[in-house]
Amino acid sequence: MKDPSSVEHPMHPAVLSMEVDDEDSFESEYRLRIGNQVKYIIISPKTFDRDTLSFPVQSLPNLPWSDEWTVAHISRDETSGDLKTSISNRPLAGVKCQWHCTLLDCLELERIKPLTAAAFEAVSHPTLPIIFQTSATVIAKIARFEWEIPRIERETRAYQLLEGSGLTPRFLGHIHENGRIMGFLLEKIEGHPASIQDLDICEAALGKLHELGFLHGDANRYNFLVTEEGVKLLDFECLQENASRESMREELESLRLELTEESGRGGGFILQGNGS
């Protein structure tokens, strides 16, 4: 599959991510690639109809794609109905917890399979150094928009704290966009979501996390990946440091019920079979 973000012509921006309000009551946001730059578009409610919001590129006003700017706000004048554009060059927030030595450009990753809204399987550009021991396929997780940075920050910090614990997939590096860190890479591990049959090994893994002083915060079955190497924990956006013994006890006691739930609340990702 060809990466849709490979479109390079400056007059043909490619949508990398979008968050559209179905009722058009709130702002709709878009993350666009134009050549080797990433820019953000925020469209106010009642600016376009719903169909246009799903495919907005052709309806956008003329924007100075080659200029240095980060965010464009698009709306309509309430009196004339004309489109209005406001452009900002403010620096965007990024992840501050940079602890790994590897740093990869998000535009050098080819998305090959979506896993969640923010996570996907990817392969590295062939000209980049090989950072993967067994496979060129990795798991990427990013903050698509600025308001998602805090949860990526928390999870990046969690992987630093749990480095070497054996409880998580291997952290392979940070992902940056225009220089700011906004995601991370994990090794791809085959496995399946935990079920009640896996209660004992999941309790052991969660107990080890608790022994280290951490509360997972979202211990649903989709955040336990059962692999040939044992259980790996996923999705640390809600990890709590120095958790109380009472909260740990409650989390462990709720695990049996969580493993019987068919729908997960977390943002974990599951790889089965050959990943196809």
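The figures that follow rest on heavy atoms only: side chains count, while hydrogens, waters and symmetry mates do not.
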About how many Å separate [atom2] of [Y] and [atom1] of [X], when rounded to the nearest 0.5 Å?
| X | Y | atom1 | atom2 | result |
| --- | --- | --- | --- | --- |
| N220 | E258 | CG | CD | 6.0 Å |
| F145 | I42 | CZ | CD1 | 9.0 Å |
| D218 | F236 | CG | CZ | 11.0 Å |
| I181 | C106 | CD1 | SG | 12.0 Å |
| K46 | R76 | NZ | CZ | 13.0 Å |
| L185 | I139 | CG | CD1 | 9.5 Å |

Between [Y] and [X], does any NZ, NE, NH1 or NH2 come within less than 4.0 Å of an OD or OE carboxylate oxygen?
| X | Y | answer |
| --- | --- | --- |
| E146 | R90 | yes |
| R157 | E237 | no |
| E211 | K208 | no |
| R151 | D235 | no |
| E153 | K96 | no |

TODO: Go through the steps for C202 and L255 under the test side chain to side chain contact (heavy atoms under 4.5 Å, CB included), then give the verdict.
DONE: CA-CA 8 Å; C202 289; L255 186 58; 3.9 Å; yes
- [ ] Step by step, work out the salt bridge (Lys or Arg N to Asp or Glu O under 4.0 Å) result for R50 and D22.
- [x] CA-CA 7 Å; R50 183 60 179 81; D22 287 336; 2.7 Å; yes
Shortest non-hydrogen contact from [X] toward [Y]:
| X | Y | result |
| --- | --- | --- |
| E229 | K232 | OE1-CE, 3.8 Å |
| A158 | L239 | CB-CD2, 3.4 Å |
| P169 | Y159 | O-CE2, 3.9 Å |
| A140 | L109 | CB-CD1, 4.4 Å |
| A122 | I112 | N-CG1, 4.0 Å |
| A219 | H216 | N-ND1, 3.6 Å |

Task: Greater than 12 external heavy atoms within 6.0 Å of E246's CD - done: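 Atom CD in E246 is packed in, count exceeds 12.
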TODO: Check whether more than 12 heavy atoms from other residues, nucleotides or ligands sit under 6.0 Å from atom CD of E23, and answer yes or no.
DONE: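 For E23, atom CD is not crowded (no more than 12 foreign heavy atoms under 6.0 Å).
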Flag side-chain contact, heavy atom, 4.5 Å: [X] against [Y]:
| X | Y | value |
| --- | --- | --- |
| L107 | R33 | yes |
| L103 | Q98 | yes |
| R256 | L199 | yes |
| W147 | E29 | yes |
| L63 | I41 | yes |

Enumerate donor-acceptor pairs with a distance under 3.5 Å from any side-chain N or O in residues 80-87 to protein atoms, sequence neighbours excluded.
{"from": "S80", "atom 1": "OG", "to": "D77", "atom 2": "OD1", "distance (Å)": "3.4"}
{"from": "S80", "atom 1": "OG", "to": "D82", "atom 2": "N", "distance (Å)": "3.2"}
{"from": "S80", "atom 1": "OG", "to": "D82", "atom 2": "OD2", "distance (Å)": "3.3"}

Has [X] got a side-chain atom pairing as donor or acceptor with [Y]'s backbone, closer than 3.5 angstrom?
| X | Y | answer |
| --- | --- | --- |
| S88 | T70 | no |
| E187 | R170 | yes |
| Q240 | L215 | no |
| R221 | A194 | yes |

If Ile, Leu, Val, Met, Phe, Trp and Tyr residues are connected whenever their side-chain heavy atoms lie under 4.5 Å apart, and connections chain through other members, are [X] and [Y] in the same group?
| X | Y | value |
| --- | --- | --- |
| F26 | L53 | no |
| L161 | L212 | yes |
| F224 | M248 | no |
| L257 | L252 | no |
| L16 | F55 | no |

Open item on the list: Go through it in stages, so that I can follow the logic: the residues are V20 and Y30, the test is side chain to side chain contact (heavy atoms under 4.5 Å, CB included), and I'd like the CA-CA distance, side-chain angles, deciding distance and then a yes or no.
Closed with: CA-CA 8 Å; V20 177; Y30 304 84; 3.6 Å; yes
Task: side chain to side chain contact (heavy atoms under 4.5 Å, CB included) between K39 and W69, worked out - done: CA-CA 7 Å; K39 298 183 185 296; W69 57 274; 3.2 Å; yes
TODO: Please step through side chain to side chain contact (heavy atoms under 4.5 Å, CB included) for the pair S28 and E19, ending with a clear verdict.
DONE: CA-CA 6 Å; S28 294; E19 189 78 10; over 6 Å; no
Open item on the list: Between D49 and T52, does the side chain to side chain donor-acceptor pair (under 3.5 Å) criterion hold? Intermediate values first, please.
Closed with: CA-CA 5 Å; D49 59 39; T52 301; 2.7 Å; yes
- [ ] Quick one: do H210 and E251 satisfy side chain to side chain donor-acceptor pair (under 3.5 Å)? Show the steps, please.
- [x] CA-CA 10 Å; H210 291 168; E251 185 170 66; 2.7 Å; yes
Check residues 172-180 and write down every donor-acceptor pair under 3.5 Å in which the side-chain atom is one partner and the other belongs to a residue at least two apart or another chain.
{"from": "H174", "atom 1": "NE2", "to": "W99", "atom 2": "N", "distance (Å)": "3.0"}
{"from": "H174", "atom 1": "NE2", "to": "H100", "atom 2": "N", "distance (Å)": "3.0"}
{"from": "H176", "atom 1": "ND1", "to": "G179", "atom 2": "N", "distance (Å)": "3.2"}
{"from": "E177", "atom 1": "OE1", "to": "R31", "atom 2": "NE", "distance (Å)": "2.8"}
{"from": "E177", "atom 1": "OE1", "to": "R31", "atom 2": "NH2", "distance (Å)": "3.1"}
{"from": "E177", "atom 1": "OE1", "to": "Y40", "atom 2": "OH", "distance (Å)": "3.1"}
{"from": "E177", "atom 1": "OE2", "to": "Y40", "atom 2": "OH", "distance (Å)": "2.7"}
{"from": "E177", "atom 1": "OE2", "to": "R180", "atom 2": "NH2", "distance (Å)": "3.0"}
{"from": "N178", "atom 1": "ND2", "to": "V38", "atom 2": "O", "distance (Å)": "3.2"}
{"from": "R180", "atom 1": "NH1", "to": "A93", "atom 2": "O", "distance (Å)": "2.5"}
{"from": "R180", "atom 1": "NH2", "to": "Y40", "atom 2": "OH", "distance (Å)": "3.0"}

Open item on the list: Which residue in the set I196, I201, D200 passes side-chain contact (heavy atoms from CB on, under 4.5 Å) when paired with D198?
Closed with: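 In the set I196, I201, D200, the residue that makes a side-chain contact (heavy atoms from CB on, under 4.5 Å) with D198 is I201.
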- [ ] Dump the intermediate steps for side chain to side chain donor-acceptor pair (under 3.5 Å) on T47 and S44, then the final yes or no.
- [x] CA-CA 6 Å; T47 300; S44 296; 4.8 Å; no
